[in-house]
Colleague: 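Submitted below is the structure of interest, expressed as structure tokens.
These numbers were taken from a predicted model, which means no experiment stands behind them. Proteins get letters first, then strands, A, B, ... in listed order; numbering begins at 1 in each.
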Amino acid sequence: MNRLPRSFYARPTPVVARALLGRRLVRILKHSAAPGAHLHPPLGQRLSGRIVEVEAYAGADDAASHACRGRTPRNAPMFGPPGHTYVYFIYGMHWMFNIVAHQDGPDTPPGAVLVRALAPDEGRPIMREHRGDRPDNILTNGPARLAQALAIDGSLTAVDLCTHPRIFVEAGAPPPDGAIACGPRVGVVGDQRARVRPWRFWIRDNSYVSRKT
DNA sequence: TTTCGGATTCACT
DNA sequence: GTGAATCCGAAAT
């Protein structure tokens with residue numbers, strides 16, 4: 001295990017977003033209670049995938065960011081230390097997994113990176129169960145899908161990726177610059193500046209990216 | 001206390 | 001391509 005250090009997340013949000021591509025998001029599930037399980041170390045089932053698509057949401061002047069209207073109980077993690085999680089519920093049924101990322105300090109704007117897609121790796125059979133036995137090509141290509149596949153919900157908001165035993169990001173292998181594409185974020189409507197900001201980053205030609213264009 | 005709409009997905013046409 | 005599902009946070013009443 002080789003977790004990304006706190007300093008990785010303590011940079012401008014779009015910089016962190018781009019740098020997260022290719023890294024490995026890891027989720028450790030508790031073992032089901034098997035006879036004699038208490039005799040062994042709590043290793044747990046390991047699920048993981050490489051991050052292939054992300055979006056940055058940052059600053060007081062980003063109308064698409066949950067933090068744009070100031071701190072509330074929901075978005076409080078975005079105002080906290082970099083390297084923590086921000087998980088929220090939307091559309092009455094979906095969980096979105098974000099990583100808090102912004103420069104450290106008293107007057108720096110809050111920000112977070114939405115993880116939109118993974119290329120699934122370890123624990124695929126378990127992810128498939130979580131996803132209702134849907135085919136592998138729609139296992140983790142979408143923010144709500146990957147949260148479901150990795151069993152991520154609100155209980156994992158505001159936890160520290162640098163120390164939490166059951167969710168973290170490993171250094172992995174970032175793609176070459178030429179393999180990275182960027183463009184406007186998905187589902188952002190209204191405010192013109194927010195709409196056109198090229199803060200969605202993905203690995204070019206990767207089949208797990210949530211949508212074309 | 002009510003209303004509104006959302007960083008989405010799925011089933012169906 | 002279209003509409004439904006379904007809850008909660010935030011703003012308005």
Side-chain angles (χ1 to χ4, degrees), chain A residues 9 12-18 20-21 25 49 51-80 82 84-102 109-120 127-158 161 167 169 181-203 206-213:
Chain A
Y9 304 102
T13 313
V15 172
V16 178
R18 193 177 193 281
L20 277 167
L21 293 174
L25 177 61
I51 297 172
V52 300
E53 181 187 354
V54 294
E55 284 175 355
Y57 289 86
D61 62 342
D62 177 12
S65 169
H66 285 181
C68 75
R69 292 183 197 279
R71 183 178 180 139
T72 68
R74 179 174 68 153
N75 68 18
M78 290 183 73
F79 292 77
H84 287 234
T85 60
Y86 169 44
V87 181
Y88 69 89
F89 191 61
I90 196 171
Y91 297 126
M93 59 188 92
H94 299 309
W95 292 101
M96 301 283 119
F97 175 73
N98 297 252
I99 297 172
V100 177
H102 51 72
V113 177
L114 172 68
V115 180
R116 288 194 54 92
L118 304 174
M127 295 189 207
R128 210 174 296 125
E129 283 179 29
H130 291 164
R131 290 278 298 128
D133 282 319
R134 290 192 171 80
D136 278 19
N137 64 308
I138 56 168
L139 220 44
T140 53
N141 60 330
R145 289 169 175 169
L146 74 88
Q148 186 179 38
L150 298 192
I152 292 170
D153 65 19
S155 67
L156 285 174
T157 196
L161 291 169
I167 189 163
V169 182
C182 72
R185 294 169 292 184
V186 174
V188 172
V189 294
D191 185 88
Q192 164 86 3
R193 263 175 62 79
R195 262 194 338 239
V196 302
R197 208 165 245 147
W199 279 0
R200 172 178 177 235
F201 302 89
W202 66 94
I203 298 181
N206 186 286
S207 65
Y208 286 96
V209 168
S210 69
R211 56 176 85 179
K212 312 289 180 192
T213 73

Colleague: Is a side-chain N or O of Thr85(A) found less than 3.5 angstrom from the main chain of Ile99(A), in a donor-acceptor match?
Modeller: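 Checking the backbone N and O of Ile99(A) against the side chain of Thr85(A), no donor-acceptor pair under 3.5 Å is found.
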Colleague: Main chain of Arg131(A), side chain of Arg134(A): is a donor-acceptor contact present, judged purely on distance under 3.5 Å?
Modeller: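 Judged by distance alone, yes, a pair lies under 3.5 Å.
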Colleague: At 4.0 Å (heavy atoms only), tell me whether Arg211(A) reaches a base, stays on the sugar-phosphate, or touches nothing.
Modeller: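 If one applies the 4.0 Å heavy-atom cut-off, Arg211(A) turns out to touch nothing in the nucleic acid.
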Colleague: Students often get this wrong, so: under 4.0 angstrom with heavy atoms, is Tyr57(A) touching a base, only sugar-phosphate, or nothing?
Modeller: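 Base contact.
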Colleague: Rounded to the nearest 0.5 Å, what separation is found between the CE atom of Met96(A) and the OH atom of Tyr86(A)?
Modeller: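 So the CE of Met96(A) and the OH of Tyr86(A) are separated by 11.0 Å.
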Colleague: Shorter than 3.5 Å, N or O on both sides, protein versus nucleotides 2-6 of chain C: list them out with atom names.
Modeller:
| residue | atom | partner | partner atom | Å |
| --- | --- | --- | --- | --- |
| dT6(C) | O2 | Tyr91(A) | O | 2.5 |

Colleague: Using a 6.0 Å cut-off, check whether atom CZ of Arg195(A) has over 12 heavy atoms from anything other than its own residue.
Modeller: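 Enclosed.
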Colleague: Within the structure shown, what part of the strands sits under 4.0 Å from Arg200(A) by heavy-atom distance: base, sugar-phosphate, or nothing?
Modeller: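 No contact.
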Colleague: So what does Arg185(A) hit on the nucleic acid, given a heavy-atom distance under 4.0 Å: a base, only sugar-phosphate, or nothing?
Modeller: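 Result for Arg185(A) = nothing.
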Colleague: How many angstroms lie between atom CD of Glu55(A) and atom CH2 of Trp199(A), to the nearest 0.5 angstrom?
Modeller: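 Rounded to the nearest 0.5 Å, the CD-CH2 separation comes out at 11.5 Å.
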Colleague: Give the residues of residues 189-198 of chain A touching DNA chain B, defined as any heavy atom closer than 4.0 Å, sorted by residue number.
Modeller: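 Result for residues 189-198 of chain A: none.
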Colleague: So which heavy atom on Arg211(A) is nearest to which on Glu53(A), and how close?
Modeller: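 In this case the closest contact between Arg211(A) and Glu53(A) is N-OE1, 4.4 Å.
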Colleague: Considering the options Arg193(A), Arg69(A), Arg185(A), which one meets the salt bridge (charged side-chain N to carboxylate O under 4.0 Å, His left out) requirement together with Asp62(A)?
Modeller: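 Answer after filtering Arg193(A), Arg69(A), Arg185(A): Arg185(A).
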Colleague: Please give, in whole Å, the distance from dC8(C) C1' to His66(A) NE2?
Modeller: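 That distance rounds to 12 Å.
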Colleague: Nearest 0.5 Å, what's the OH-CG distance between Tyr9(A) and Leu20(A)?
Modeller: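 Tyr9(A) OH to Leu20(A) CG: 6.5 Å, rounded to 0.5 Å.
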Colleague: Output the residues of residues 135-149 of chain A in contact with DNA chain B, where contact means a heavy atom of the residue under 4.0 Å from an atom of the strand; sort by number or write none.
Modeller: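 Gly142(A), Pro143(A), Ala144(A), Arg145(A) - these, ordered by number, are the residues of the stretch whose heavy atoms sit under 4.0 Å from the strand.
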Colleague: Among side-chain atoms of Arg116(A) and Ser210(A), is any donor-acceptor pair under 3.5 angstrom?
Modeller: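 Yes, Ser210(A) and Arg116(A) have a side-chain donor paired with an acceptor closer than 3.5 Å.
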Colleague: Say we look at dA7(B) and dG1(C): how far apart would their P atoms be, to the nearest angstrom?
Modeller: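 That atom pair is separated by 23 Å.
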Colleague: Has Asn206(A) got a side-chain atom pairing as donor or acceptor with Ile203(A)'s backbone, closer than 3.5 angstrom?
Modeller: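 No: the side chain of Asn206(A) does not pair with the backbone of Ile203(A).
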Colleague: Under the criterion ring-ring contact (aromatic ring centres under 6.0 Å, His included), I'd like the reasoning laid out for His94(A) against Phe89(A): C-alpha separation, chi angles, the key distance, then a yes or no.
Modeller: CA-CA 6 Å; His94(A) 299 309; Phe89(A) 191 61; 8.1 Å; no
Colleague: When you measure from the side chain of His102(A) to the backbone of Gly80(A), do you find a donor-acceptor pair of N or O atoms at a distance under 3.5 Å?
Modeller: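 Judged by distance alone, yes, a pair lies under 3.5 Å.
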Colleague: Using the P atom in both, what is the distance from dT6(C) to dT2(B), to the nearest Å?
Modeller: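 After rounding to an integer number of Å, I get 22 Å for this pair.
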Colleague: Using a 3.5 Å limit on both distances, find every run of at least three consecutive Watson-Crick or G-U pairs that involves DNA chain B.
Modeller: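 Looking at DNA chain B, the stems formed by three or more consecutive pairs are B:1-6 with C:7-12, B:8-12 with C:1-5.
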Colleague: Dump the pairs, protein N or O against N or O of nucleotides 11-13 of chain C, anything under 3.5 Å, distances to one decimal.
Modeller:
none

Colleague: Roughly how far, to the nearest 0.5 Å, is the CG atom of Leu146(A) from the CG atom of Leu118(A)?
Modeller: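 Spacing of CG (Leu118(A)) from CG (Leu146(A)) equals 4.5 Å.
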Colleague: Just verifying a value: how many Å separate Ile90(A) CD1 and Trp95(A) CH2, rounded to the nearest 0.5 Å?
Modeller: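 These two atoms lie 11.5 Å from each other.
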Colleague: Ignoring hydrogens and angles, state whether a donor on the side chain of Arg71(A) or Asn75(A) is under 3.5 Å from an acceptor on the partner side chain.
Modeller: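 Not at all, the side chains of Arg71(A) and Asn75(A) share no donor-acceptor pair under 3.5 Å.
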Colleague: Which heavy atom of Cys68(A) sits nearest to which heavy atom of Ala63(A), and what is that distance?
Modeller: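 For Cys68(A) versus Ala63(A), the nearest heavy atoms are SG-O, 3.7 Å.
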Colleague: With rounding to the nearest 0.5 angstrom, report the CD1 to OG1 distance, Ile152(A) to Thr157(A).
Modeller: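 Spacing of CD1 (Ile152(A)) from OG1 (Thr157(A)) equals 11.0 Å.
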Colleague: Is there a donor-acceptor pair under 3.5 Å between the side chain of Thr13(A) and the backbone N or O of Ala58(A)?
Modeller: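 Here the side-chain-to-backbone pair does not exist.
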Colleague: Just the endpoints, please: which first and last nucleotides of DNA chain B, 5' to 3', lie under 4.0 Å from a heavy atom of chain A?
Modeller: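 For DNA chain B, the relevant span reads dG6(B) to dA11(B).
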